[in-house]
Each structure stands twice: as structure tokens, then as C-alpha cells.
Engineer: 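After the C-alpha cells below, expect a handful of questions from me.
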Amino acid sequence: MANQVWVYIDQFKGQATPSAWEAVSAAKSVAEQLGSGITALVIGSGVESLAQQAFDVGVDEVVVCEDGSLADFRVEPYAAVFAKVLGEARPKVVIGTASTRVRDLFAYASIDLESGVIVDATGLEIKDGAIVVTRPVYAGKLLCNEVAKKGQPLLVSVRVRAFPPPQSGAGKSGSVTKVSAVLGEDQLTTKVLDYVVEEGEVSVDGAAIIVSGGRGVNGPEGFEPLRALAKVLGGAVGASRAAVDAGWIPYSHQVGQTGKVVSPDLYIACGISGAVQHQAGMRTSKVIVAINKDKDAPIFNLAKYGVVGDLFEIVPALTEEFRKRLGK
Amino acid sequence: MNIVVCVKQVPDTAAKLQVVDSHVTWGDSPLIVNPWDEYAYEEALLLKEKFGGKATAISMGPESAVEALKTCLAVGCDEAYLITDPALKGSDASATALTLAKAVQKLGDVDLVLLGKQAIDGDTGLTAAMLGRHLGWTVLTQVIKIHEIDPAAKTIKVERFMEEGRQVCSAKLPAVVSVIKGINEPRYPSFMGIRKASKATIPNWSIADLGIEASRVGASGAFVAWPEIYPMPLKETKVEWIEGGSPQEIAAKLADKLIAEKVI
């Protein structure tokens, strides 16, 4: 396990999360220059199949901690394993996807490891042998280049969709090292009782297409045409703070400074004026379409395609058009 | 129930930021309480109203951060302490968490520490979990609902906002809890509250008062450095207007464009 570059594979109920493997792409971007292979660390219950998946995307070695007490993510037992394994291996860097779990894990374990954490990286490069991590700060208004000052491994989480998913089919196989859990159930202070999931909704986290509504949708029922378009496109429904604060749609849909930061391939802003706080959450989207009655709305400064018009006419027409073209 | 609320003073969300000599400036934009921390003090006040006890606000920052603490007093917190020391300049999340942990230990007899999920300047969201680890307490981040607290049994039941849905969990107190929007509706300070806060003296704590060695905080204690900070380079986008005689015509033109962009 002499690799200098490690990845942590984020999983939920034994399945790698959709963005988990993006960490491998980020790792590959630095491993070659450092002359290192990549070791993956998997912690959980029912996660042994993830080792083969890791080899398939080009990882060289895998360390697995499999234990019933690790079925649900809880920071204490996960961090105990993480700090023990990485405290012994002491690689240069560990990279994971920037999920809620990974953020907690890296923060908590960094205190034991006495090393630094950099979250939400959008770029990684090697300069003079050091890893330089680029991340947005001040809600994406500024960028920051950060480096480790002392301690290793540096723990880096990469923002969802900032790196592409790695090519699979590497056909590798390698050593799988099994390690034991560190803490017993009686040493843990937290119990996970349940998950409450919104049925049938695509989450804006990691969505490739987001159809988002603001003040212009005029009420809870105004989101219906947006939902219909999102459904045809296989996308998620987002919202501005104005729509959430008005009680038209739950907070889980909010995009912006006090909501989710998203970076889809396509962001369709319907009836959203585009306040700076909203822009902070969506400005890095690949293609932005804005539909608004007001030609002077600031959202048009970000948009690649703009439609000045009534969203209640344009959005249903767009839904119908895509339904025809996509054969749905 | 003795509750500590950690707040940070940050530039207003609408501030126009500039970088001058690698330092971020915001002109004459006001400094505010970090918006996420408003949910933390509101939750502290709601819990205090329910269970009794004390809500204490602490902040680490320059002397100007006393204004953020005055806001906390104005809305109803009982006490406030400012942790300020030239040696703290350049602290990363880790050094900040260590400093806050020492302050919580100095206060003593604390059941719950509340923070906002992240500060809108550094945007790391790391401090709560790091603070919890320093204290050796339960860590519950991204909490959108506190279902119940049993002060006698020292237990808490919460709902956490995760990518896959809301995770319901029970845990032991003392705990460090970070909260998000949706947990409550933060109150505004009353006129009386503002008057009371303006007269309050807020004690300053230095790192010596907290028993922290200078080598463990500030730029010398930080594990991470940020040598370069600069404005986000913006893609020059010029909007292409999609026009047509009917919504159907506009939709067809837009669909052509989006399919050509390969985003659908």
C-alpha cells in the first residue's frame, strides 16, 4: 500500500453513489504526475462488490472494511476506520466526492490524522511537486487555490460533476486488503432510525438537467408545467429562494447561496430574475436557458439562450416538442 | 439545557467582492451574521424557551465581530463572548474548531452546541464535525428538524438532510449540531432587545485565556493555506434570443439548439 494517491468510495446502502467514481478521475489527474498508483478505500456493509467495480475503473489496490455496524453511515465508526487505515499508510492525498457523508468523514478524521481538508474542489494540479487545489469560495464569486501546509494525507473532496466519470473496462485486478471495524456498537452515540425519501422526485444533487422555477411561476400549481418538462427530459425540478420562501415548493429544491449549488449540463430557468444569490448556485451550469417576461432580467446575462415570453405558454410547448422528438 | 451558539460575521450576501493584494474586500457593504447561523441562534432560543437554561453566543473573529454577538443578544441570547487575538489570523477550519472547542470547555456544563451548516465566506462546512471531534461529542450535521430532546436522559432525536432523503437518528448528548434552512424561521431583534444589547459589555477572550498555544492556531497552526484568491473567471456569454411567431415555433427552435448542444 505504498500508493501516494488514495480515493474514498462514497456509498449508500452498499451501492456507490452516482458521483463516487468521479473521485477516481480526479485521482488519475494527479497520480500519474506523482508516479503513483491509486488505492481505493471502501467502508460499509455489503460493499465487497465495490472492490471489483473499483478495479474496473482503473484503481490498482483496494482496502475494504466490511462490518454490520457500518451499514448506515455514521461519522464516528467510519472515521475511526478511516483514521486508522490512513494513519498507517500516510499517503499524500485522499480524494472523495463532496457528499454530506464525505464532508463529515474528512472533517472528523482530519483531527485524528492531524492533516488538512479541502472541500468542493473543482480543479487539482501538481505544481513543484505539491498538490494545488482550486475551489470556489464566497458562494462561487471567488476562486481560491489551496495547498497543504503540514500533515498528510491531505483530504480533498471534489465537487459533484467537476470531474467526469472514469472510463470503465480497465479489466484490472489487484490485491484486496480487508480491515476490521475499530469501534463496537456499544461505543457509538448515534443510531440511524429511518430515511424519509420524497417519492418519485429526481434530486437536484448531481442532476444532468434541471428545470427551475422562480417568482414567475406564481404559485405551487405553477410548478406543474415545469415538472412535466423535467419528466420528459429526465431531469430534476429546482427553485429560487423566492419560490421556496413563498411555500410553493420544499426547500430541498432550492438552488442558490442558501440552497444547493448545482452544475448540470442544462439549466432551464423559468420565471427566475437571477439575483446574485441564485446565480451563485447555478452559474457553472454548462448551458443555461432563461425564460422570462422581462427582457432586462439579470438571468439573461448568464443565459446562452433566452426566450422573452410567458413561461406558461413556452414551457408546455417545449414539453410537447421534446415528447415528440424523444419519442415519449 | 445550556446551549452554546457559534456565529461568524461575514460580508453581506449581496456584497460586491474585490480582491486587493490577495485580500478580499467588500467596499462599504455591511457585515452581517452568517445567514446559516441565524437558524442556529433561533433554534437555541426555541429550545431555551422550552426547557429553560441558558443560550450563550460565541464568535471568533476580529473586534468588529462584536456586532454579530450584539445581534445574538438582541434576539435573546443570555451571554456572549468574543474570541479575538492577533494570533488567530489565518486560522483554517481546523484551528477555528480547536479554538471554539476550548471556549466551549471554558464555559463548561454545556449540553448542546449549535452552528449554521457553513459560513458563506469560506464555504467549508467543516467546523461542526471538527469541533465535535475535538470535544469528543456526538456530531449531527445538516439538521433540518429537532424532533425531541430529553434533557434528563441526555438524548436527542433529529432529522438530517442528506442527498438520499431525510435521515432520522437518535443520539446522546452532549452534541454538536449544525442546522440548515427550514428548521425554523429566525426572529428579528426587538427594539428593546437592540437597546439592551447596545448597553451590554461583551467579554473578550484571548488564546491565553483559553489556554491555547499560539503554534496551534492562526497561520502557523493551520493545516491548509490559500496563497491565491481571485475572481471567478466568467465565461463571456452573450444571450442568443430565441424568437418566433408562436410558442410552438420558439419551442422547436430551442429544441434544435439544445439537441445540437448535446445536453439532451
Side-chain angles (χ1 to χ4, degrees), chain A residues 12 75 99-100 103-104 107-108 110-111 115-120 136-151 189-198 203 205 233 251 257-258 265-266 276-277 286-287 289 300 302-307 309 313-314 317-318 321-322 325, chain B residues 13-14 17 19 24 35-36 92-94 120-126 129-130 132-134 138-139 141-142 159 161-172 181-182 222-232 237 239-242 247-248 250-252 254-255 257-259 261 263-264:
Chain A
F12 180 71
V75 73
S99 67
T100 300
R103 191 180 304 259
D104 284 358
Y108 199 91
S110 76
I111 304 301
S115 64
V117 188
I118 302 176
V119 296
D120 289 328
V137 292
Y138 290 88
K141 292 173 192 165
L142 304 176
L143 284 177
C144 200
N145 289 349
E146 301 193 3
V147 292
K149 264 186 84 185
K150 59 182 184 189
T189 64
T190 307
K191 278 194 172 27
V192 176
L193 306 174
D194 196 11
Y195 280 92
V196 185
V197 182
E198 283 180 54
S203 163
D205 291 295
L233 297 176
Y251 169 64
Q257 188 155 25
T258 49
D265 292 334
L266 175 60
V276 285
Q277 293 89 343
K286 197 168 151 203
V287 173
V289 174
F300 287 123
L302 287 185
K304 185 156 190 195
Y305 301 106
V307 179
E313 292 177 358
I314 307 296
L318 207 49
E321 188 66 32
F322 279 117
R325 298 204 191 192
Chain B
T13 55
L17 300 172
V19 181
V24 181
W36 299 104
D92 62 1
S94 194
I120 62 160
D121 48 4
D123 277 334
T124 71
L126 295 168
M130 289 175 163
R133 182 63 184 134
H134 274 301
T138 302
V139 172
T141 59
Q142 303 266 125
E159 225 168 272
F161 192 71
M162 311 279 286
E163 283 81 355
E164 294 80 10
R166 293 172 174 213
Q167 184 194 60
V168 185
C169 45
S170 66
K172 288 180 191 155
K181 179 174 169 172
F223 292 102
V224 172
W226 43 98
E228 289 173 277
I229 188 162
Y230 47 96
M232 171 81 79
T237 43
V239 63
E240 180 178 340
W241 299 106
I242 309 293
Q248 289 69 30
I250 292 171
L254 186 54
K257 296 283 184 190
L258 296 179
I259 286 166
E261 291 272 5
V263 291
I264 287 179

Engineer: Which of the residues Val137(A), Val196(A), Val117(A) is involved in the greatest number of heavy-atom pairs with chain B at under 4.5 angstrom?
Structural biologist: Val196(A)

Engineer: Between atom CD of Glu313(A) and atom CD of Gln248(B), what is the distance when rounded to the nearest 0.5 Å?
Structural biologist: 8.5 Å

Engineer: With only heavy atoms counted, which part of Asp121(B) is less than 4.5 Å from chain A, the side chain, the backbone, both or neither?
Structural biologist: both

Engineer: Would a 4.5 Å heavy-atom cut-off, applied to side chains only, mark Asp120(A) and Asp123(B) as touching?
Structural biologist: no

Engineer: Search all heavy atoms of Pro227(B) against all heavy atoms of Asn145(A) and return the closest pair with its distance.
Structural biologist: CD-O, 3.2 Å

Engineer: For residues Ala129(B) and Ala107(A), report the shortest heavy-atom separation together with the two atoms involved.
Structural biologist: CB-CB, 3.6 Å

Engineer: Between Leu233(A) and Ile264(B), does a side chain to side chain contact (heavy atoms under 4.5 Å, CB included) hold up when you go through it step by step?
Structural biologist: CA-CA 7 Å; Leu233(A) 297 176; Ile264(B) 287 179; 3.8 Å; yes

Engineer: If you round to the nearest 0.5 Å, how far is NZ of Lys257(B) from NZ of Lys304(A)?
Structural biologist: 9.0 Å

Engineer: Does any backbone or side-chain atom of Glu146(A) lie under 4.5 Å from a heavy atom of chain B? Answer side chain, backbone, both or neither.
Structural biologist: both

Engineer: Listed by chain and number, what are the salt bridge (charged side-chain N to carboxylate O under 4.0 Å, His left out) partners of Asp104(A), not counting sequence neighbours?
Structural biologist: Arg160(B)

Engineer: Which bit of Val119(A) is near chain B, if near means a heavy-atom gap under 4.5 Å: side chain, backbone, both or neither?
Structural biologist: side chain

Engineer: Quick check for you: to the nearest 0.5 Å, what is the distance between Asp92(B) atom CG and Ile118(A) atom CD1?
Structural biologist: 9.5 Å

Engineer: Would you name the heavy atoms of Lys181(B) and Thr258(A) that are closest together and state the gap between them?
Structural biologist: CD-O, 4.2 Å

Engineer: Tyr305(A) versus chain B, heavy atoms under 4.5 Å apart: side chain, backbone, both or neither?
Structural biologist: both

Engineer: Quick one: pull up OG in Ser99(A) and CE in Met162(B) and give me the separation to the nearest 0.5 Å.
Structural biologist: 7.5 Å

Engineer: Between Trp36(B) and Tyr251(A), how do the two ring planes meet: parallel, tilted or perpendicular, split at 30° and 60°?
Structural biologist: perpendicular

Engineer: Relative to chain B, which segment of Val147(A) carries a heavy atom at a distance below 4.5 Å: side chain, backbone, both, or neither?
Structural biologist: both

Engineer: Please state whether the side chain, the backbone, both or neither of Ser110(A) comes within less than 4.5 Å of a heavy atom of chain B.
Structural biologist: side chain

Engineer: Is there a side-chain contact between Ile259(B) and Phe322(A), using heavy atoms and a 4.5 Å cut-off?
Structural biologist: yes

Engineer: Can you tell me which portion of Ser115(A) sits under 4.5 Å from chain B's heavy atoms? Options are side chain, backbone, both or neither.
Structural biologist: backbone

Engineer: Counting only non-hydrogen atoms closer than 4.5 Å, does Glu163(B) touch chain A with its backbone (N, CA, C, O), its side chain (CB onward), both, or neither?
Structural biologist: both

Engineer: Below 4.5 Å from any heavy atom of chain B, which atoms of Gln277(A) appear? Answer side chain, backbone, both or neither.
Structural biologist: side chain

Engineer: Please look at Asp205(A) and chain B and tell me whether the side chain, the backbone, both or neither of the residue comes under 4.5 angstrom of a heavy atom of that chain.
Structural biologist: side chain

Engineer: Is the closest side-chain donor-acceptor distance between Gln257(A) and Thr13(B) under 3.5 Å?
Structural biologist: no

Engineer: Just to verify, what does Lys149(A) make a salt bridge (charged side-chain N to carboxylate O under 4.0 Å, His left out) with, not counting sequence neighbours?
Structural biologist: none

Engineer: Can you name the nearest heavy-atom pair linking Ala255(B) to Arg325(A), along with the distance?
Structural biologist: CB-CZ, 3.7 Å

Engineer: On a heavy-atom basis, which atom in Thr100(A) and which in Phe161(B) lie closest, and how many Å separate them?
Structural biologist: OG1-O, 4.3 Å

Engineer: Counting only non-hydrogen atoms closer than 4.5 Å, does Ile242(B) touch chain A with its backbone (N, CA, C, O), its side chain (CB onward), both, or neither?
Structural biologist: both

Engineer: Could you look at Tyr108(A) and say if it's the side chain, the backbone, both or neither that has a heavy atom under 4.5 Å from chain B?
Structural biologist: both

Engineer: Val139(B) and side-chain contact (heavy atoms from CB on, under 4.5 Å): which partner among Val75(A), Thr189(A), Thr190(A)?
Structural biologist: Val75(A)

Engineer: What pair of heavy atoms forms the shortest contact from Gln167(B) to Val192(A), and how long is it?
Structural biologist: NE2-CG2, 3.5 Å

